[in-house]
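Here's the structure, in structure tokens; my notes come after.
So that the names make sense, note that chain A is the first sequence line, chain B the second, and so on, each numbered from 1.
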Protein chains: 2
Amino acid sequence: MRKAVTVTDVARHAGVSAMTVSKALNGRDRISEETRARVLAAASELGYVANAAARSLRGGRTDLLGLLVQDLSNQYFAEIVRGASEAIRERGLDLVLYTSSNDPERERQRVATLSSGVSDGLIIVAPHGSPGLLEQLQHSRVPVVLINAWNVDDLPTVNPENRLGARAATEHLLALGHRRIGFVTGRPDSPLSPERPDGVMRLQGYREALVAAGVAFDPTLLHPGGLHLPLGREAGHDLLALPDPPTAIFAANDFCAFGVIEAARERGLRVPEDLSVVGFDDVPMAGQVQPALTTVHHPLHDLGHRAATLLLDLLADHAPERHVELPSRLIVRDSTAPPA
Amino acid sequence: MRKAVTVTDVARHAGVSAMTVSKALNGRDRISEETRARVLAAASELGYVANAAARSLRGGRTDLLGLLVQDLSNQYFAEIVRGASEAIRERGLDLVLYTSSNDPERERQRVATLSSGVSDGLIIVAPHGSPGLLEQLQHSRVPVVLINAWNVDDLPTVNPENRLGARAATEHLLALGHRRIGFVTGRPDSPLSPERPDGVMRLQGYREALVAAGVAFDPTLLHPGGLHLPLGREAGHDLLALPDPPTAIFAANDFCAFGVIEAARERGLRVPEDLSVVGFDDVPMAGQVQPALTTVHHPLHDLGHRAATLLLDLLADHAPERHVELPSRLIVRDSTAPPA
DNA sequence: CTGTTAGCGCTTTCAA
DNA sequence: TTGAAAGCGCTAACAG
């Protein structure tokens with residue numbers, strides 16, 4: 001833990017002015033090759049590294065991007081963070097990470113901090129949306145990009161496509177010969193997305209596929225579930241206990257699908273022989289479990305990467321498109337097969 | 001994106017000097033209640049938030065702590081990040097997150113950046129340990145704390161306890177009546193931990209329990225595996241294909257255990273009726289799968305929390321103990337039962 | 001109790 | 001091509 005080396009130190013060592021050191025290091029300015037070499041040598045010899053605070057104060061930038069996420073234990077969010085993290089590093093900035101623990105109040109606090117000069121910009125994943133949040137964001141001193149936020153026109157958003165993915169999954173099931181296809185829905189509404197367009201869109205894709213195939217939509221096959229394994233398990237049991245049970249189940253997300261698979265096993269059903277199961281999201285685990293899960297791939301990593309890129313462009317005044325929708329695609333693995 | 005409000009603005013608005021504003025806001029100094037109230041009112045009216053860069057420059061601190069982790073997709077690391085993140089927030093600092101993607105060269109680069117003034121201190125989780133890393137860290141301008149790093153005397157470390165946990169797990173299996181207990185080992189050596197003391201310690205705990213129970217150690221029950229599901233599955237198949245197969249398997253970690261369970265299922269064995277399986281780590285998923293996994297709980301969250309606290313204490317010159325070992329404990333769930 | 005002065009380390013004028 | 005001066009916003013030290 002030594003004392004820091006400053007430009008002045010380097011200047012002294014190289015026998016030039018502080019200014020010249022700055023110019024040599026930052027390149028942009030006219031400077032003789034010989035002087036530059038001398039400065040660079042002195043700098044590396046002394047182990048000089050620019051002081052970030054001073055540079056920020058001067059330049060008005062921190063070279064830090066804030067990312068606010070609900071919960072890191074969830075692979076869904078972790079993947080998004082990974083994508084954003086990479087994009088940010090690619091452009092030479094760093095990532096300040098905040099977690100809201102799914103608490104709206106905490107969410108608001110963190111947004112206040114992050115938009116106060118700690119970071120040059122802010123990405124929020126799946127904002128919970130406490131009442132004042134939107135307004136708070138619109139008045140933010142730094143640009144904001146939202147991931148997985150719906151019905152927000154004023155702020156840039158990056159969202160995954162849901163309808164076509166759900167439709168493709170249902171079509172896959174129909175093509176295999178399934179006619180009774182259960183659908184487990186996700187979590188309830190949130191203030192920022194009163195209609196949970198992602199859930200609505202998935203359901204719509206499911207219905208579209210059914211209609212196109214001439215299969216009647218049966219509301220008894222629609223079951224409220226949730227985004228976690230235990231909730232999926234419950235829903236699975238309920239659906240499979242139906243008098244005329246489904247031969248395939250389309251779950252709200254992968255974790256929910258894992259729960260459905262467990263429910264099936266507990267009832268002595270084999271997947272995919274006796275029951276086909278499709279998930280949504282394609283978290284890393286989906287490809288590792290047995291049977292590997294057929295699922296709709298949501299570009300989680302790309303969502304993060306794209307949001308970061310968008311934010312960076314906004315900062316550079318590139319004025320890019322403000323609403324990005326990333327396509328999903330069906331990944332057929334081993335949890336689906338023709339009905340028995 | 002408005003212009004920032006400065007102390008001077010607040011001072012003007014409240015009819016006092018900039019100094020008084022600073023004092024009023026930071027509390028420490030003697031100031032009349034009336035003036036303080038006036039300043040606070042002016043500040044909140046103007047929406048003043050202190051500029052982090054200026055404060056850093058002045059105080060020599062950034063109030064940022066760096067955390068370098070290999071991979072966020074892995075719940076093991078994600079939990080550690082979560083713990084550290086909480087401890088850091090509790091003390092009013094923020095977290096700068098870096099990922100090394102398991103690449104030693106990248107690891108070194110990030111360490112260079114982080115120890116150069118971006119952050120006030122640095123936590124590295126499971127350092128891969130490229131040749132120069134240790135030296136680089138010792139010369140770091142900021143204090144460093146290592147998580148899951150072994151054989152490092154010069155730097156503070158926070159490590160999980162392995163031997164007793166493994167012993168408790170094996171004793172549990174023995175108490176259930178198992179005599180042939182398979183053991184799947186983890187990953188190979190790494191430069192920074194030539195003997196992988198965690199793996200060695202787990203094996204030692206396993207042997208100790210065996211010896212104490214008067215059960216002979218059978219090397220054929222020892223199988224090299226790995227820390228991921230597919231590797232565990234392979235190892236599981238190999239062990240179960242033995243002429244005299246184990247009735248219980250102790251896996252290198254939870255993901256490995258999930259693989260073993262899959263292997264058992266593929267061979268028509270029920271868990272825990274036909275085969276007991278114990279994991280290591282207790283990642284969040286362990287309690288959610290079916291059957292819920294009996295496993296040795298590694299205090300992942302605490303590891304992160306404790307490392308951050310240690311670092312914060314180091315920064316405050318509290319001179320705390322430099323090597324912390326956190327106890328593990330056995331969590332008995334549903335994947336273990338008496339042998340058939 | 002309040003205000004003045006100065007300077008943290010850097011870089012953008014502007015002048016030499 | 002190089003250097004001198006000034007100031008980003010904040011607060012420690014010292015006067016008043």
Side-chain angles (χ1 to χ4, degrees), chain A residues 2-40 42-43 46-64 92 113 115-120 141-142, chain B residues 2-43 46-64 92 115-120 141-142:
Chain A
R2 316 162 312 218
K3 214 189 157 324
V5 179
T6 73
V7 270
T8 322
D9 299 328
V10 178
R12 202 179 351 257
H13 198 78
V16 293
S17 79
M19 196 51 256
T20 310
V21 173
S22 175
K23 277 179 187 158
L25 260 26
N26 296 313
R28 302 250 162 237
D29 239 322
R30 247 161 285 274
I31 194 173
S32 78
E33 258 324 310
E34 193 243 320
T35 321
R36 147 170 291 126
R38 197 142 42 88
V39 171
L40 258 34
L46 262 38
Y48 169 81
V49 193
N51 176 317
R55 192 171 264 177
S56 298
L57 184 55
R58 190 70 252 261
R61 301 173 308 118
T62 62
D63 285 344
L64 252 28
T113 319
S115 54
S116 78
V118 171
S119 64
D120 296 339
R141 259 173 45 212
V142 300
Chain B
R2 316 162 312 219
K3 211 186 156 330
V5 180
T6 74
V7 270
T8 322
D9 299 327
V10 178
R12 199 177 355 254
H13 198 79
V16 294
S17 79
M19 198 53 251
T20 309
V21 173
S22 174
K23 279 178 186 161
L25 260 28
N26 295 312
R28 302 247 162 240
D29 241 320
R30 249 160 284 273
I31 195 172
S32 80
E33 257 326 308
E34 194 243 317
T35 321
R36 147 169 292 126
R38 197 145 40 90
V39 171
L40 257 36
L46 263 40
Y48 169 80
V49 194
N51 176 316
R55 197 171 257 178
S56 298
L57 186 55
R58 191 67 251 255
R61 301 173 307 119
T62 61
D63 285 344
L64 252 27
S115 55
S116 78
V118 171
S119 65
D120 295 340
R141 257 173 47 210
V142 301

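Judged by distance alone, with hydrogens and angles left aside, the side-chain atoms of A:D120 form no donor-acceptor pair with the main-chain N or O of A:R61 at under 3.5 Å. Proximity of a side-chain donor or acceptor of A:D9 to a complementary backbone N or O of A:T6 within less than 3.5 Å is detected. In this structure a side-chain-to-backbone donor-acceptor pair under 3.5 Å is missing from B:T20 to B:V16. The closest donor-acceptor contact from the side chain of B:T62 to the backbone of B:V118 lies under 3.5 Å.
Among D:dT1, D:dC10, C:dG9, the nucleotide with an atom closest to any side-chain atom of B:A54 is D:dC10. Checking C:dG9, C:dG3, D:dT2 against every side-chain atom of B:S17, the shortest atom distance belongs to C:dG3.
C:dC10 atom P lies 15 Å from atom CZ of A:R61, rounded to whole Å. Atom CD in A:E33 sits roughly 10 Å away from atom P in D:dT1 (whole-Å rounding). Nucleotide C:dC10 holds its P atom 12 Å from the CZ atom of A:R12, rounded to whole Å. The interatomic distance linking A:N51 (CG) with C:dG7 (P) rounds to 18 Å, in whole Å. C:dT2 atom C1' lies 13 Å from atom CD of B:E34, rounded to whole Å. Rounded to whole Å, the distance from CZ on B:R36 to P on C:dC1 is 10 Å. Taking atom CG on A:L57 and atom P on D:dC10, their separation rounds to 9 Å, with Å as the unit.
We find the CG-OH distance between A:L40 and A:Y48 to be 11.5 Å, quoted to the nearest 0.5 Å. Interatomic distance, CG of A:L57 versus OG of B:S56, reported as 9.5 Å (0.5 Å rounding).
The two residues B:R38 and B:G15 have their closest heavy-atom pair at NH1-O, 4.2 Å.
At the phosphate of D:dT2, OP1 or OP2 sits under 4.0 Å from a side-chain N or O atom of A:S32. Considering only side-chain N and O atoms, B:T20 lies under 4.0 angstrom from the phosphate OP1 or OP2 of C:dG3.
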Check your understanding: Base, backbone or nothing for each nucleotide of nucleotides 11-16 of chain D, written B, S, -, heavy atoms under 4.0 angstrom, 5' to 3'?
Key -> BBB---
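Contact annotation for A:T35: backbone-only contact, meaning every heavy-atom pair under 4.0 Å involves sugar-phosphate atoms and none involves a base.
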